[in-house]
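Model, not experiment: these values are computed from the prediction. Lettering of chains follows the sequences in order, A, B, ..., and the numbering in each one begins at 1.
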Amino acid sequence: MAVVKHETREIRSAEDIVLVRQAVRAWAIELGFRLVDQTKLVTAASELARNIVDYGGGGTVVIEALNDAERRGLRLRFEDHGPGIEDVDTALRDGYTTGGGLGLGLGGARRLVNEFEIVSAPGRGTRVTITRWR
Amino acid sequence: MFESGSSVERIPILKMGSYLLVTIQVDMHDRLATSLQDDLTARIVETRARGVLIDISSLEVVDSFIGRMLGNIAAMARVLDAETVVVGMRPAVAITLVELGLSLPGVRTALNVDKGMELLRGSVERVAKVNSRGRRQARDA
């Protein structure tokens, strides 16, 4: 599997969440994702970018266009150096939130993509990687 | 694109008879969504509106934050004696919302502005009828 193209973006503010949505949309269109899949990717990106702003104290997203023998995909890696998540399984559960949100961000984002990976530890930040294939 | 910390940017709220009309035409950042929620509740009280129609046909994404805002608006409006109808949701947005786990409980929806207005008029008239019957009964008792 080869990374064909990549881009890194800072995520610090509510405005950056909008910019991440727009960037992911543009990449998904370029890769030829159909509209529903574009929307799922953009929505998942929006949830994860907001987590970084609300809980992670800011961070980055790396957007990568993937190419393997028979398919193309988009991979997004969200990373922050915030407080981290103590219990990842609980954090993935719908309705669980430590903030004022609905607690759908992580679990919801996972349902909207094909591959989902989260690495986090208290004091060590959080990295969430999602991939959707077309 | 967005001026950071700007307080000038607002989503316009139009008054049409006893209804308020909002068309969301931009990809909203979170503060803008929150200020719409505040502005709408203030306008409902100020104009004594009986219904709120929110057109989201331009929205390409509704994530959990915007979904929560729509739910909050409907709940606040109800407490203030006004009905809310959200219209024009794009099919791709609807599919994504449900997979995200958000089914917008308590938010009434219609396919387009016309159907939404019909729904609002119908429910406001129904409420008016029930109220006047209630008053009559109270008077006759």
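In this structure, no portion of A:Arg110 lies under 4.5 Å from any heavy atom of chain B. Residue A:Ala44 does not touch chain B at all, counting heavy-atom pairs closer than 4.5 Å. Only the side chain of A:Arg50 comes within contact range of chain B, with at least one heavy atom under 4.5 Å from a heavy atom of that chain. Heavy-atom distances place no part of B:Leu97 under 4.5 Å from chain A, backbone and side chain included. Contact annotation for A:Arg21: only side-chain heavy atoms (C-beta onward) come within less than 4.5 Å of a heavy atom of chain B.
Summarising the local packing, CD1 of A:Ile29 is surrounded by more than 12 heavy atoms from other residues, nucleotides or ligands at distances under 6.0 Å. The local environment of NZ in B:Lys15 is crowded, with over 12 non-hydrogen atoms from other residues, nucleotides or ligands closer than 6.0 Å. No more than 12 heavy atoms of other residues, nucleotides or ligands lie within 6.0 Å of CZ in B:Arg48, so this atom counts as exposed by the packing criterion. Within 6.0 Å of CD on A:Glu86 lie no more than 12 heavy atoms contributed by other residues, nucleotides or ligands.
Annotation: maximal heavy-atom pairing with chain A below 4.5 Å, among B:Asp30, B:Val93, B:Val62, B:Asp63, occurs at B:Asp63.
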Under the criterion side-chain contact (heavy atoms from CB on, under 4.5 Å), I'd like the reasoning laid out for B:Val61 against A:Arg25: C-alpha separation, chi angles, the key distance, then a yes or no. CA-CA 10 Å; B:Val61 170; A:Arg25 171 79 66 182; 3.5 Å; yes

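Note that OG1 of B:Thr96 is 10.5 Å distant from CD of A:Gln38, once rounded to the nearest 0.5 Å. If you take CG on B:Leu100 and OG on A:Ser46, they are separated by 9.5 Å, rounding to the nearest 0.5 Å.
Checking A:Thr39 against B:Glu60 by side-chain atom types alone, no donor-acceptor pair falls below 3.5 Å.
When hydrophobic clusters are built by joining Ile, Leu, Val, Met, Phe, Trp and Tyr residues whose side-chain heavy atoms come closer than 4.5 Å, directly or via intermediates, A:Leu76 is not grouped with A:Val3. No chain of hydrophobic side-chain contacts below 4.5 Å, direct or via other Ile, Leu, Val, Met, Phe, Trp or Tyr residues, connects B:Val107 to B:Leu111. When the side chains of ILVMFWY residues are joined at heavy-atom separations under 4.5 Å, either directly or via intervening members, B:Leu102 and A:Leu106 end up in two distinct hydrophobic clusters. Note: the hydrophobic cluster containing A:Leu66 does not contain A:Val42 (ILVMFWY, side chain heavy atoms under 4.5 Å, direct or indirect links). Tracing side-chain contacts under 4.5 Å through hydrophobic residues (I, L, V, M, F, W, Y), one reaches B:Leu32 starting from B:Val52; they form part of the same cluster.
Put simply, the side chain of A:Thr43 does not reach to within 4.5 Å of the side chain of B:Glu99, judged on heavy atoms. Taking the side chain as every heavy atom from C-beta outward, B:Asp27 and A:Gln22 approach each other to under 4.5 Å.
No side-chain donor-acceptor contact under 3.5 Å links A:Glu15 to the backbone of B:His29.
The side chain to side chain contact (heavy atoms under 4.5 Å, CB included) test with B:Ile95 singles out one residue from A:Asp37, A:Leu35, A:Val36, and that residue is A:Val36.
Pairing each heavy atom of A:Ala14 with each of B:Arg31, the nearest pair is CB-NH1, 4.2 Å.
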